[in-house]
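Structure first, commentary second.
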Amino acid sequence: MTVAFVFLTAMTLISALGVVLSRNVVHSALLMSASFLGVAGFFVMLNAPALAAFQVLIYVGAVTVVILFGIMFTQRPQVRRFRTIIQKQHWPGLFSAIGVGTFLAYILIIQDWGYTKPGNGLQEPGSLGEILLGVNGAPPIFGLLFEVISVLLLVAVIAAIVVSRRKTGEGVDRQEVDG
Amino acid sequence: MSLDILNHEPLRFLISFALILFLVLNLAAILTLAERKVSAYIQLRYGPNRVGPRGLLQPAADIFKLFTKENVSPNRADRWIFLAAPIAMFIPAAAVWLVIPFAPEAVVADLNIAIVFFIAITSIGALGVIMAGYGSRSNFSLLGALRGAAQMISYEVPLILSLLGVILLAGSLSLVDIVNAQSGGFWHWYFLPQFPMFVVFYIAGLAEARRVPFDLPEGESEISGGFMVEYSGMTWGLIQASEFASMGLISALHVTLFLGGWQPPVEFLDLGNFDWIWFGLKTALIMFTFQWIRWTVPRLRMDQLMDFGWKILVPICLVWLLVTAGVMLII
């Protein structure tokens, strides 16, 4: 258990450092996926396999691939060197890091964690679904969020169709040349 | 001497993990031979027939050749990504085998979210393709990787949607429960009530495994091998192994979800602990149809590929999902 914890911590922290220190955007993106994988490993250790699976699915699988797509489509192929400049803003970076760190530490400290221990959460996917949809006595707040996210996804799908739609007349010229 | 110690946690998992790796690597080796034999018989040839009786030892010779071959990497390649890509492709393909039930009580990890695990791990596969394509720093590789990633992301949508019908019917995300729910003869298997989903999963699975007619990322006649054009020796061997492993994986999942897993087709043929024979037979049959399709169907064009995925497969899935849910509400 300790070995696994040390390994996962090292993996998460070292790859997270690599993300910000690497001068190559693609390396950063791939290291970020390694960092996410480490976090998923923590979820497995805390006996929350569903959370781990969704972490892998969404962060490693989807977010990183989308980032890589963005990198590969935005750079011009002639100058594909994928370099970035390290930002030299030491002081703002330091202050924001300290600020976020203090905020998180404060939240961790004021919360009473005495009653929790790993692995006593909900294990059945069915009960997770019930809570999400707010049925069978679960608080309805998640149901509202669920609906809001559905609307957001619908908007995204419609936007994708609008963006990728062929304009009328596009492609006609080529057919005439072929004929 | 008691063998009970082998059944306790760290040891049990390590042993079964080693067995799974053994199975997957051997499966890949045998499938290379099967691929060449099937293609040969379809094209009225004999295929490999020099090494061993009827060429049966050809995989051993192939592996020996691959191990002794120099592992060349291009000078301007991104060395780390280039070398990590085959591993990033192979591990996901091998890891999902952990949740597949081979026989009653014979499953390495009976996760209650096995299907989500499968979906999550398959989504990493696209990452390996991108790594291979970018790491080679060659235009053909990059083109192949972009095609591969676009194709795998697009076909993941119908793949996941086609699973939902089975999940609705079985009421569980665990593959063991799904197999158990299909007991009692082949008329209880889910391919009958879920026939459209059965077909969609098959086609989307072909695309996920990057097999013909969806082999645009490889496309040897246009981009001469795509994302794997720069690989040689054992790195190339590992990419091939992961392709065959994912093909076997899709077949095994297809069998588990729609064809009753290890359940015998009629009940009096129940073999008890040897039910893995049924599982193997059905999986082999599905893998044979994959190879049959590969050697008889031409490759799709990129826009046809996208249109087919988004305009035909996804609507079929959604309509049949509504039908399934409606029928379940009424009954």
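Both backbone and side-chain heavy atoms feed into the values below; hydrogens, waters and symmetry mates do not. Sequence lines set the chain letters: A, B, ... in the order given, protein chains first and strands last, and positions in each chain run from 1. Every value quoted in this text rests on a predicted model; they were computed, and no experiment measured them.
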Query - Structural part of B/L173 lying under 4.5 Å from a heavy atom of chain A - result: side chain
Give, for atom [atom1] of [X] and atom [atom2] of [Y], the distance between the pair rounded to the nearest 0.5 Å.
X	Y	atom1	atom2	answer
A/L57	B/F118	CG	CZ	11.5 Å
B/I124	A/T64	CD1	OG1	9.0 Å
A/L31	B/W80	CG	CH2	11.5 Å

Query raised in the report: More than 12 non-hydrogen atoms from neighbouring residues, nucleotides or ligands closer than 6.0 Å to CZ on A/F43, yes or no?
Result: yes
Requested in this report: Evaluate whether atom CZ of A/F42 has more than 12 neighbouring non-hydrogen atoms of other residues, nucleotides or ligands under 6.0 angstrom away.
Outcome: yes
Query raised in the report: Using a heavy-atom distance cut-off of less than 4.5 Å, which residues of residues 150-164 of chain B contact chain A?
Result: B/A150, B/I153
Query raised in the report: Taking only residues two or more places apart in sequence or in another chain, which ones pass side chain to side chain donor-acceptor pair (under 3.5 Å) with A/T12?
Result: none
Requested in this report: List in chain and number order the residues that pass side chain to side chain donor-acceptor pair (under 3.5 Å) with B/D177, two or more places apart in sequence or in another chain; answer none if no residue qualifies.
Outcome: B/S172
Acceptor/donor pairs from residues 85-101 of chain B side chains to any protein atom, 3.5 angstrom cut, sequence neighbours excluded:
none

Query raised in the report: Does the side chain of A/S33 come within less than 4.5 Å of B/L127's, by heavy atoms?
Result: yes
Query raised in the report: Minimum heavy-atom separation for A/A53 to B/A120, with atom names?
Result: O-CB, 3.3 Å
**Report entry** Residue, of B/S174, B/A84, B/A149, B/A126, that accumulates the most heavy atom pairs under 4.5 Å with chain A
**Finding:** B/A149
